[in-house]
Structures are given as structure tokens and as C-alpha cells.
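The sequence lines fix the lettering, A, B, ..., with proteins before strands; numbering per chain opens at 1.
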There are 2 protein chains.
Amino acid sequence: MPDADKQAANFQRVREAHQVEVAEDYVELIADLIEATGEARAADIARRLGVSHPTVVKAIGRLQRDGLVESLPYRSVFLTESGRAMAERSKRRHEVVLGFLKALGVADETAERDAEGIEHHVSDETLSAFERFIRDSR
Amino acid sequence: MPDADKQAANFQRVREAHQVEVAEDYVELIADLIEATGEARAADIARRLGVSHPTVVKAIGRLQRDGLVESLPYRSVFLTESGRAMAERSKRRHEVVLGFLKALGVADETAERDAEGIEHHVSDETLSAFERFIRDSR
DNA sequence: CAAAACATATAGCCTGGGCTATAGTTCATT
DNA sequence: AATGAACTATAGCCCAGGCTATATGTTTTG
């Protein structure tokens with residue numbers, strides 16, 4: 001069995017990753033919506049996340065509290081500087097993971113499904129390895 | 001932007017994966033503890049997950065309710081048939097992901113860290129691709 | 001074999017992230 | 001400009017998964 005402290009640290013890391021996961025999904029989606037349609041409306045966010053409106057409203061509240069997002073009642077949502085930064089990182093990660101899975105020979109649909117879950121748990125080192133692989137496989 | 005329904009379905013899938021994640025971590029760890037020490041004590045589980053005892057007790061309660069585990073008050077924890085099956089799958093997945101990351105050139109420590117988060121989000125198809133890669137890289 | 005040490009359980013709290021049902025705003029259209 | 005449709009917000013609920021503090025068993029040991 002692995003060293004207990006290390007194992008505990010790893011689990012703790014995953015739990016922390018978990019807490020930012022939702023934030024990452026939101027800001028990434030908000031950035032995409034703004035880019036594609038000019039604005040991020042709560043209804044669209046809810047539809048694309050597969051979640052009810054109130055859930056989105058509450059999440060937006062948390063994001064705002066955490067300084068990732070700005071929003072006024074009955075208005076659409078905007079990213080703050082740090083929200084934009086998180087969205088950028090998150091998007092890049094997503095694309096690398098997706099591209100990596102495809103390069104590995106995984107079908108597009110599956111790659112899209114798995115990337116959504118995997119992306120939040122990939123360290124910088126592993127991400128680099130993914131990029132290297134993509135490069136080498138071309 | 002991707003199709004809204006597909007995107008929503010993907011997010012939903014990740015949320016579901018999330019719900020079984022904790023269960024997988026527990027049964028896998030319980031199986032390892034039983035194998036290594038003959039029994040799975042709550043205190044050890046807590047230590048290795050990096051979590052308090054009461055958290056473990058509550059989790060065990062949920063696992064028992066879901067038929068993955070059997071336990072009597074003040075006694076150690078046992079896996080049911082389906083708990084053992086889940087532990088098996090989970091362990092195999094874990095090992096494949098870990099071996100894959102290492103084969104890709106990721107440092108052991110990092111591979112161990114990332115595998116813990118990634119393993120729960122890898123579909124069978126992607127897992128096969130990982131295995132293929134490990135095989136080919138030898 | 002009693003007492004101390006240790007392990008487990010319970011109570012009660014918190015946050016996150018879901019939901020439905022209801023209420024309030026904004027916008028488009030006639 | 002009024003009204004109906006669409007959107008957004010609020011209230012109030014639920015469960016998972018954390019925690020600390022306290023109580024209750026179990027084991028070890030003097």
C-alpha cells in the first residue's frame with residue numbers, strides 16, 4: 001500500500017479540484033457564450049449545463065462572491081479579469097485533453113464526453129505530456 | 001459551439017460520475033486495506049482518505065444503504081459481492097490509468113496524483129486506448 | 001480485573017449544488 | 001401603451017460530504 005500521508009494528500013487534492021470544477025465549467029461556458037452570441041444569459045447556461053435556472057442563479061451568486069463574475073439582477077453575466085483568466089486556462093486545458101484523446105484514437109463523441117470529466121484533474125506536467133504526444137503524433 | 005443537448009448530456013454524465021466517485025474511492029481503499037492488513041478499520045480509512053472519522057462513518061452508512069458494504073457497530077467494514085465487484089473494476093481502472101500516465105512519461109508522483117482524479121472519468125473505450133498505448137510502448 | 005487508551009458512534013453544524021413552485025421584470029408585438 | 005411571453009429571482013426543500021465536540025463502546029495493560 002502507498003504511504004498513508006501521500007495517499008491522503010492525493011485524495012485531498014482531488015476534493016479541492018472538485019470544488020473548482022463547477023466554477024471552471026461555468027466560466028468556460030460563459031466565455032464561449034459571450035464569444036458566440038455576444039452575451040451569457042442564465043437560461044442558456046442552464047440549458048447547456050443541463051441544470052435548472054435556480055441552480056444557475058445560485059451558482060452565479062457564488063461565482064460573483066468569489067470574484068469570477070459580475071452580474072446585475074435581470075441582466076446577463078460578465079466575467080471579471082480573473083474569471084476570464086480562469087476561462088482561458090480551462091478552455092486551453094479542455095482543448096488539449098480533447099485533442100489528446102482524439103490523437104490517441106478515441107472516437108470523437110467519446111473524447112468529448114471523457115474530456116469534460118478528465119480536464120479538471122490534469123496537472124501541468126501531464127498536460128505537457130499530452131501536448132507532446134499530440135505534436136509527435138502528427 | 002457544440003450542440004446544446006449533447007453538451008448538457010456530457011455535463012450530466014460528469015455529475016453522475018461524481019456521485020459514484022466517492023463510493024469507488026471507499027470500496028477500492030477498503031479492498032486494499034483488507035488485502036494488506038486483513039481488515040478495514042474506520043480509523044485507517046479516515047487516515048488514508050485524509051478525512052475525519054465521522055465523515056467516514058457517515059459514508060459507510062451510505063455505502064451500506066447502497067449495498068456495497070456490510071458493517072456492524074464498532075466492527076470493521078466488509079465488502080458485499082457488488083462492493084467487491086466495484087472495487088475490482090475501480091482498481092483495474094486505477095492501475096491502467098496510472099500505468100498509462102507513466103508510460104507517457106509523466107513522473108511517478110504526478111502520475112499517482114493525477115490518476116486519482118482522472119480514473120473516475122475514463123470510459124471503457126478510452127481505457128482500452130490507454131491499454132493499447134501501454135502495450136505498444138513496451 | 002479496572003482503568004486508561006483507543007476506536008467508534010452520535011449530535012449538531014456548515015456549504016455546495018441540485019430541485020419545484022411561485023413571484024417579479026423585461027421585452028416584443030399588436 | 002398594454003399585454004402576454006419569456007426570462008430571472010426568491011423561497012424553501014433535499015442530499016452529500018465535510019467538520020468539531022461529546023458520548024459510548026472495546027482493548028490493552030498495569
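The CZ atom of A:F11 sits 15 Å away from the C1' atom of D:dG17 (whole-angstrom rounding). Taking atom CG on A:D44 and atom P on D:dC7, their separation rounds to 8 Å, with Å as the unit. Regarding B:R41, its CZ atom lies at a distance of 9 Å from the C1' atom of D:dT26, rounded to whole Å. Atom CD1 in A:I60 sits about 14 Å away from atom C1' in D:dC7, given to the nearest Å. For B:D25 and D:dG17, the CG to P distance is 10 Å, given to the nearest whole Å. Atom CD in A:E39 sits about 17 Å away from atom P in D:dA6, given to the nearest Å. Atom CG of B:L63 is separated from atom C1' of D:dG17 by 12 Å (rounded to the nearest Å).
A tilted orientation is assigned to the rings of B:F100 and A:F100, their planes being inclined by 30° to 60°.
A salt bridge links A:K91 with A:D32; the closest basic N to acidic carboxylate O contact falls under 4.0 Å. Of the charged side-chain nitrogens involved, none lies within less than 4.0 Å of a carboxylate oxygen, so that B:R47 and A:D5 do not count as a salt-bridged pair. A salt bridge links A:D124 with A:R93: the distance from a Lys NZ or Arg NE/NH1/NH2 to an Asp or Glu carboxylate oxygen falls below 4.0 Å.
The stretch residues 67-76 of chain A touches DNA chain D through A:L72, A:P73, A:Y74, each having a heavy atom within less than 4.0 Å of the strand.
In this structure, the side chains of A:I45 and A:H53 stay at 4.5 Å or more apart for every pair of heavy atoms.
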Exercise for review: For nucleotides 12-22 of chain C, just jot down a letter per nucleotide in 5' to 3' order: B, S or -, based on protein non-hydrogen atoms under 4.0 Å.
Suggested key: -B--SBBBBB-
